[in-house]
Every structure is written in structure tokens, then in C-alpha cells.
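As the structure is a computational prediction, the values presented were derived from the model and not from experiment. As a basis for the values below, the full set of heavy atoms in this structure was taken, side chains included, without hydrogen atoms, waters or symmetry mates.
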Amino acid sequence: MKSDVTTPPKSQGETKLACGHALAPAVVEAVLGAALNAYKAGTLAELLRRRPRLTRRFEQQLLRPIRLAAGDALDRTGVAAPWELLLRWAVTRLRPDGQASLQDIPRECWIERTSWRPMLAVMCQYGFAAVPDFRDRYRARADESASDHLCGLWSVGPSTFYRYLDKGKRLMAEVLLQPPSDGRGQLGLWRLVQQSVYERLGLEQPEQRAEWHRLQATRALLAREPAAAVWHLLAAGDIDQILATLERRRIELANDVATDTLLEALQGQPMVQMQQFRLALAVAALWHVRGDDDREQQAYERTLRLAGDDPLRLGIVYGALGKFHEPRDPDRAFSCYQDSAEFLRRAGLQDNPAEADAPLLAEYVNTLVKLAWIYVLRNDPRAKPVLDQAEDLRAMRALPSEVQALLEQAWGEYWRRAGDLRAALEHKHRALNLYERMGDQQSVLKTYSNLSLLYGDAKDFARAIEYSQRVLALEGQVAIEPETLAATHMNLGATYFWQGRYDQAIEHYRSALERSAAAKLRLLMGRAHYNLAEAYYKRFQALERPEDEQRGDAHAAAALALWPQDADAGAIEATRGLKREILGPRDNDSYDRLLPQEFAVHFHEMAEVQRQRAVLALPLEPQVHVKAHIAIARSYLTISTKEREAALALIHKHQLGDAFADEFDGLRAVFNRELTREQRVTAHWRQATSDLLPDERRAALLDRLVRGEPISKSIYAELCSVGLATASKHLGLLAERGLLVQVGKGPATRYLLPTE
């Protein structure tokens with residue numbers, strides 16, 4: 001696998017060591033020349049002891065890759081051993097063909113190709129290798145120096161030879177100044193170190209070598225060097241541990257130049273299908289961190305092919321696909337999580353989850369939590385029963401720490417949106433404790449960001465800022481996921497917004513927008529635009545700058561363009577009404593609060609019902625009330641149709657055939673019965689009341705009666721626009737004609753349609 005992501009090289013003008021002092025190339029060349037002369041004379045150890053300060057300045061940067069590969073093995077063989085390897089490796093880096101070896105150089109490269117001469121001059125002049133005999137070309141004397149031998153072989157004078165030698169040393173200095181820009185250079189050094197360690201420690205048997213590499217992998221992980229750990233595990237042949245490292249340290253590995261070369265080597269190893277499947281998932285995760293959507297999706301397509309018909313693997317990959325689609329297409333993500341849960345149930349959870357395999361149960365709970373998270377992000381209270389189910393499964397069986405931490409995170413966000421900040425903080429801090437015990441730095445940083453938002457909600461602004469700064473202080477020092485950085489800037493901006501510090505809020509909202517746009521995080525971009533609109537409107541309210549109102553309008557429009565239609569109806573409604581609400585009295589509550597359940601499921605229809613109920617509460621013309629009732633009926637019919645279609649879709653998806661035919665017949669009978677009764681009553685009343693009521697007033701009266709709502713004398717007078725005396729007379733006539741039934745007496749008298 002070839003990566004488009006490489007570590008940018010340092011300037012060739014200078015290098016900066018860990019101690020902070022910059023070294024010019026001329027200094028490095030001078031030190032290198034002294035080291036090469038000492039190596040040739042066999043006095044390198046003495047030189048290092050004489051120059052301890054200079055040695056320490058170089059050691060931290062130049063010997064770090066060697067220490068990662070060798071651990072402390074070379075220290076047992078003398079102070080000069082690591083430096084000797086470093087010099088030998090730097091010479092190999094001069095090879096034009098890129099091979100990390102001083103052997104197997106073809107004849108034509110020794111004799112004919114001038115591009116090889118700087119490397120060959122350094123290699124032979126300083127004793128890294130001898131000049132081979134090419135007697136048909138040049139016969140050297142037994143005591144001839146390397147320089148004379150090469151001059152004769154190349155048919156050049158000493159001045160030309162020393163130009164080659166000087167160029168070779170200059171190129172070596174550049175190699176030492178500039179770390180490898182691809183993994184092949186680094187792995188070449190590690191292989192050189194590996195061979196030296198085997199020889200020096202006497203590791204002749206494969207079992208000895210594998211055990212030594214496993215120990216070094218553990219050391220590398222403790223030192224937060226996962227690429228070195230993967231290399232050692234690859235040498236040990238421990239595929240499962242490599243995959244575990246790829247899964248847990250994806251952020252650091254995605255930004256390491258050696259990773260892609262290591263993956264190329266790994267893909268050539270024999271693996272069972274489940275290992276190939278896990279590797280494909282790990283590769284997708286690496287592309288996710290690098291922000292390459294196309295390659296990430298291609299990796300998931302390969303993973304789906306490797307999953308075959310196995311329900312466990314399908315459950316796992318659909319869970320990962322849900323995570324991929326979550327910031328791009330929440331509806332698609334929701335569908336993937338549902339499919340994931342269904343496949344995992346088929347894999348062994350249908351009968352008794354308590355007896356399922358531990359990894360299967362953990363994956364299922366993980367999917368439940370992700371499904372609940374989608375509900376939470378939509379402010380849908382259906383998140384709670386899903387979280388309750390996950391909690392029940394946790395009570396049955398011990399779950400891995402990472403799954404428990406994710407569950408605590410989801411509970412924390414649920415309770416934040418439910419308005420119980422104390423419960424939210426308890427769950428978030430439990431998640432933080434778990435992540436800290438696991439050493440999962442990325443998840444620790446995510447939790448810091450979440451705690452920043454929570455403390456901002458709680459108006460503890462000092463702690464909110466503190467937790468945000470913990471994340472931002474590490475930017476540039478450690479690899480941080482783009483989502484975490486964008487969300488942290490968003491949360492810090494919200495903290496300043498709640499304090500009325502709109503300039504600082506806008507600054508951080510802009511940073512959040514830039515980072516989410518760079519990583520193509522559509523939903524975070526929409527939230528950033530919304531927050532910017534809100535902040536600009538507030539600043540306009542305070543300072544009355546016309547440009548702030550215009551900027552607010554632009555960001556509100558941008559947010560509406562980004563919100564997925566019908567995926568987050570609450571966000572859409574909040575954005576549409578933002579300007580109207582923000583310029584009037586407003587509290588600091590966000591739109592991210594849980595909705596009533598039916599609103600979460602059928603937001604547009606229930607919002608329409610709510611609007612029409614408000615119309616009915618006003619003393620308006622009967623025609624207006626009729627239209628309101630019809631609009632309400634239409635909304636409920638739409639809800640009924642959507643629920644019926646959802647049931648049909650499930651029947652088709654799971655091939656349930658006619659299992660629910662009776663239920664659908666009953667549903668149809670209810671609809672037909674109500675429709676027939678309404679039509680029959682309307683026709684009967686039209687014929688029997690033509691002398692009393694015009695069509696419009698009859699329709700208004702029947703609309704109420706058909707719904708089973710009783711009417712009184714005053715209601716009749718209002719609906720039919722008649723006086724109370726006329727209303728009393730009409731009601732009596734309607735009762736005599738059998739069109740109404742009187743219930744109650746005196747002031748409690750009411751009239752209903754007769755039962756059939």
C-alpha cells in the first residue's frame with residue numbers, strides 16, 4: 001500500500017535537535033568527517049568519549065531510530081556500536097538503487113556508472129568495504145590504498161577521486177540532517193540494526209529471535225512508538241498483535257512514514273481470512289485518519305468482500321460503515337448500524353445473549369451504543385431504551401474497557417441533552433478514567449473536549465476553558481483526530497459565547513469550520529456555520545454593525561445547505577428560526593436538547609399539528625378552523641402511512657411473507673370502517689338537515705362529532721353562528737330526528753352522534 005501522506009522534510013539549511021540548538025550543514029559535515037576518520041582508524045569510541053557534549057547533542061535525534069530497533073542490545077557491545085551502524089546506514093543511503101546494503105553491487109556500477117562513485121568512494125576510503133578485484137579492467141598492487149585502487153579502476157586522477165569523496169560526505173551529511181521521507185529508508189536502517197543485533201547477541205534460532213522482537217515491541221509501545229512495535233512484531237511473525245496495534249494506534253501510525261512500507265510487508269504474510277478481514281478494516285481506519293474518503297470507502301468495499309456471508313464479519317463491517325457515514329449521511333449511518341445489529345444477532349445472540357461469545361457480545365454492545373449515539377445526535381429520546389439494553393448486557397457479562405468507556409460516553413451525552421448535567425458529568429468522568437487506564441490518548445483528548453462542552457453548559461467556564469486548552473496545547477505535538485480538534489474549537493467557542501465574549505467565540509468557531517472543512521466533516525461544518533451565525537447575530541445585537549447581520553445571514557444559509565434534509569429536523573427548524581429568535585430575548589440553551597418522542601420520529605408532521613392546534617385555540621373564522629382540522633388529519637394520515645410503509649419494508653427485508661397478513665387486514669378494516677362511517681353520516685345529515693344548516697356549517701359541526709367530541713349549546717352556537725336560543729331549538733330538532741343523542745342534564749347537557 002502506498003501512502004500519499006509523508007512527513008515533510010526538514011530544511012536542508014539546518015536541523016534542530018531535541019535540546020533546541022540548530023546545527024548548520026557545515027558543522028555536521030565537519031563532525032561527520034572526524035567520525036569517518038575515527039571509524040577507519042578504529043578510534044571511534046575514543047572520539048566519542050573525548051567529545052561528550054557534542055555526542056549528546058547528536059545522540060537524541062540521530063540514534064533514536066537505532067534505539068527503537070535495537071533497544072539496549074548495542075549498549076552491551078560498547079559505546080561506538082550504535083554510531084558505527086549509523087555511519088554504515090548513511091553510506092547505504094547513497095546507493096542510487098535505494099537498496100539498504102553495502103553488498104551485491106553489480107560490476108557495471110563499480111566500473112561504468114558515475115552516479116555510484118560518491119557512495120563507492122566513501123565506502124572504500126573509510127573501510128566499510130574493500131574494492132573488489134576486476135583484473136580484466138585494472139590490476140591493483142597488494143598494498144595499494146583504496147583511493148589509488150579506485151583511481152585506477154575508474155581511470156581518473158586523485159583530484160577527481162576526492163571530488164567524488166567530498167560529494168559523498170556532503171550527501172551523507174544531508175542524510176543525517178534530513179530524516180527518511182519514506183518508509184523504505186527507515187526500514188533499511190532497522191534491517192541493518194537487526195542483523196547486527198542477531199550477530200552480537202548470538203540469536204541464531206528463529207524462536208530466540210522472535211522472543212527478542214516481542215520484548216522490543218513491548219518496549220516500543222511503552223515509548224509510544226507503534227511503527228517500531230509493528231516492525232518488531234512483523235519480525236516475530238505475530239500477526240494478531242500487529243492487527244491489535246494497528247487498531248489501537250491508528251492515529252500515530254497514520255502519520256508515520258514507515259507505516260505503508262510495513263503494511264506492504266504485512267500483506268505478503270500468510271494470514272487466515274479473519275486476519276485479512278481485520279487488516280482491511282485497519283487500513284480503512286488509517287485512510288480515515290488521513291482524510292482520504294475515496295480510499296477509505298474502497299477499503300470498506302474490500303472488507304465487505306472478505307466478510308462473505310459470515311454474519312459476525314458482516315456485523316462488524318456494517319458497524320464500521322456506520323461510523324464512516326455518520327458525519328456525512330446520518331440516515332445511511334443509521335441503516336448501517338441497524339444492519340450491524342441484525343447480523344450480530346444472527347451470529348449467535350438470538351437465543352441467549354448471556355451465553356454468547358465474549359467478542360461477539362462486545363461487538364453487539366458497541367453497535368447498540370453507536371445506534372443510540374445517532375438517536376442522541378438527533379435529540380431522539382429513543383436513545384434511552386437502546387442504552388438501557390446495552391446496560392442490561394453489561395450487567396450480564398464483563399465487557400472490554402473500550403466498550404464500557406464508549407457506553408459511558410453515550411450516557412454522558414444523553415443526560416446532557418436531557419438536561420441532567422450532574423449525571424452527564426458522572427458518566428463522562430467514568431469514561432475518562434477508563435481511557436486513562438487503557439492509555440488511549442486519543443479517547444482521553446475526545447473526553448476532554450466533551451467535558452469542555454459539559455462544563456460550559458454548567459456555566460463553570462474556567463473548567464470548560466481548561467479542558468479545551470488541554471487538547472489544543474497538544475496540537476502539533478501529538479497526532480489528534482480532525483474531529484476532536486474541530487469539536488474542541490467549537491466547544492471553546494461556545495464557552496466564550498455564553499460569556500458574551502463574541503470576538504473570541506467567532507475566532508474559535510472559524511477554526512472549527514476550517515478544520516472540519518479540511519477533513520470533509522459535513523455535519524460539523526453545519527454546526528460551525530450555525531454557531532457563527534448565532535455569534536454574529538448576537539454581536540450585531542450588541543454593536544449594531546450591519547456587516548455582522550449580513551455575515552450571520554450568510555452562515556445561517558450555509559448551515560441550511562449542509563444539514564441533511566429530514567435527518568436532523570430539529571437543527572433545520574432551529575436554523576430557520578435563528579435570526580428571529582436571537583434578536584429577541586433568548587436564554588443560552590442550545591438546540592441540542594432531547595425532543596418529545598413523537599417529535600423526534602415525525603418532526604415535520606407533529607410540528608404541523610402543533611401549529612394547527614395553536615390556530616384552533618384562537619377565535620377565528622370557522623373556515624380557518626376547518627382548514628386547521630383538515631391539516632391535522634392530513635398530518636396524522638401521513639404518520640400512519642409512514643409507519644405502515646416501515647412495517648412493509650421490514651417484512652420485505654426479512655422475508656416474513658404473509659406472517660402479518662391478519663394485522664394488515666385489521667388495519668385496512670379500521671381505515672375503511674372509519675371512512676365508511678364518516679361518509680354515511682355525512683350523506684345522512686346532508687339529507688336530514690337541509691332545512692336547518694348550510695353545507696359549510698354542517699361540515700364544521702360533523703368534523704367535531706365524527707371525532708367523538710361532544711357538543712354543547714354554546715359550542716353549537718359558535719360553530720353554526722346562531723344565537724343560544726336558536727342553538728337550543730336546533731339541537732332539540734336534531735335529537736328528535738335521531739341525528740344526535742342527548743347525554744346529561746341542565747348545564748352539563750351534551751350531544752353526541754348515536755352509536756352504530
Please round to the nearest 0.5 Å and tell me the distance separating atom [atom1] of [X] and atom [atom2] of [Y].
X      : Y      : atom1 : atom2 : answer
Leu281 : Leu243 : CG    : CG    : 10.0 Å
Ser401 : Asp440 : OG    : CG    : 10.5 Å
Leu485 : Ile480 : CG    : CD1   : 4.5 Å
His429 : Leu454 : NE2   : CG    : 8.0 Å
Tyr364 : Leu344 : OH    : CG    : 8.0 Å
Leu176 : Trp89  : CG    : CH2   : 7.0 Å

Query raised in the report: side-chain contact (heavy atoms from CB on, under 4.5 Å) with Gln404: which residues, sequence neighbours excluded?
Result: Arg394, Leu399, Leu434
Requested in this report: Return the set of residues passing side-chain contact (heavy atoms from CB on, under 4.5 Å) with Arg95 (not counting sequence neighbours), or none when no residue passes.
Outcome: Asp97, Gln99, Ser101, Ile105, Trp116, Met119
Any idea which heavy atoms bring [X] and [Y] closest together, and the distance?
X      : Y      : result
Tyr300 : Val317 : O-CG2, 4.3 Å
Leu68  : Ala228 : CB-CB, 3.9 Å
Ala431 : Gln409 : CB-CG, 3.8 Å

Is a side-chain donor or acceptor of [X] paired with a backbone partner of [Y] at a separation under 3.5 angstrom?
X      : Y      : result
Thr259 : Leu253 : yes
Ser340 : Cys336 : no
Gln267 : Glu264 : no
Gln194 : Trp190 : no
Asn37  : Gly33  : yes
Arg515 : Glu483 : no
Arg209 : Leu203 : yes
Gln275 : Val272 : yes

Requested in this report: Start with the C-alpha gap between Leu312 and Asp357, add the side-chain angles, then the distance that decides, and say whether side chain to side chain contact (heavy atoms under 4.5 Å, CB included) holds.
Outcome: CA-CA 11 Å; Leu312 173 59; Asp357 292 338; over 6 Å; no
Query raised in the report: Does one side chain, of Gln297 or Trp287, offer a donor that lies under 3.5 Å from an acceptor on the other?
Result: no
**Report entry** Donor on one side chain, acceptor on other, Asn491 and Ser449, under 3.5 Å
**Finding:** yes
Report task. Not counting sequence neighbours, which residues clear ring pair (Phe, Tyr, Trp, His ring centres under 6.0 Å) with Tyr448? List them please. Result -> Tyr467
Report summary line: Residues passing the ring pair (Phe, Tyr, Trp, His ring centres under 6.0 Å) test with Tyr337, sequence neighbours excluded, are none
Query raised in the report: Would you say the side chain of Glu204 lies within less than 4.5 Å of the side chain of Glu199, judging by non-hydrogen atoms?
Result: no
**Report entry** Sequence neighbours excluded, every pair satisfying salt bridge (Lys or Arg N to Asp or Glu O under 4.0 Å) that has a member inside residues 220-243
**Finding:** Arg64-Glu225, Arg214-Asp238, Asp240-Arg278
Query raised in the report: Would you call the rings of Trp411 and His427 parallel, tilted or perpendicular if under 30° counts as parallel and over 60° as perpendicular?
Result: parallel
Report task. Please work out which of the three classes, parallel, tilted or perpendicular, describes the rings of Trp212 and His232, given edges at 30° and 60°. Result -> perpendicular
Salt bridge between [X] and [Y], side-chain N to carboxylate O under 4.0 Å?
X      : Y      : value
Lys169 : Glu174 : no
Lys446 : Glu481 : yes
Arg50  : Glu46  : yes

Query raised in the report: Using the benzene-type ring in the case of Trp, are the ring centres of His325 and Tyr318 under 6.0 Å apart?
Result: no
Query raised in the report: Got more than 12 heavy atoms from elsewhere within 6.0 Å of CZ, Arg430?
Result: yes
Query - Neighbour count >12 (heavy atoms, 6.0 Å) for atom CZ, Arg248 - result: no
Requested in this report: Carefully, step by step, assess Glu408 and Glu426 under the rule side chain to side chain contact (heavy atoms under 4.5 Å, CB included).
Outcome: CA-CA 9 Å; Glu408 296 292 351; Glu426 288 177 2; over 6 Å; no
Requested in this report: Could you tell me which residues satisfy side chain to side chain donor-acceptor pair (under 3.5 Å) with Thr245, sequence neighbours excluded, listed by chain and number?
Outcome: none
Requested in this report: Test Leu306 against Leu279 for side chain to side chain contact (heavy atoms under 4.5 Å, CB included), laying out the working first.
Outcome: CA-CA 10 Å; Leu306 288 168; Leu279 177 58; over 6 Å; no
Report task. Take Arg88 and Glu84 through the test salt bridge (charged side-chain N to carboxylate O under 4.0 Å, His left out) and record every step on the way to the result. Result -> CA-CA 6 Å; Arg88 181 176 291 273; Glu84 291 173 0; over 6 Å; no
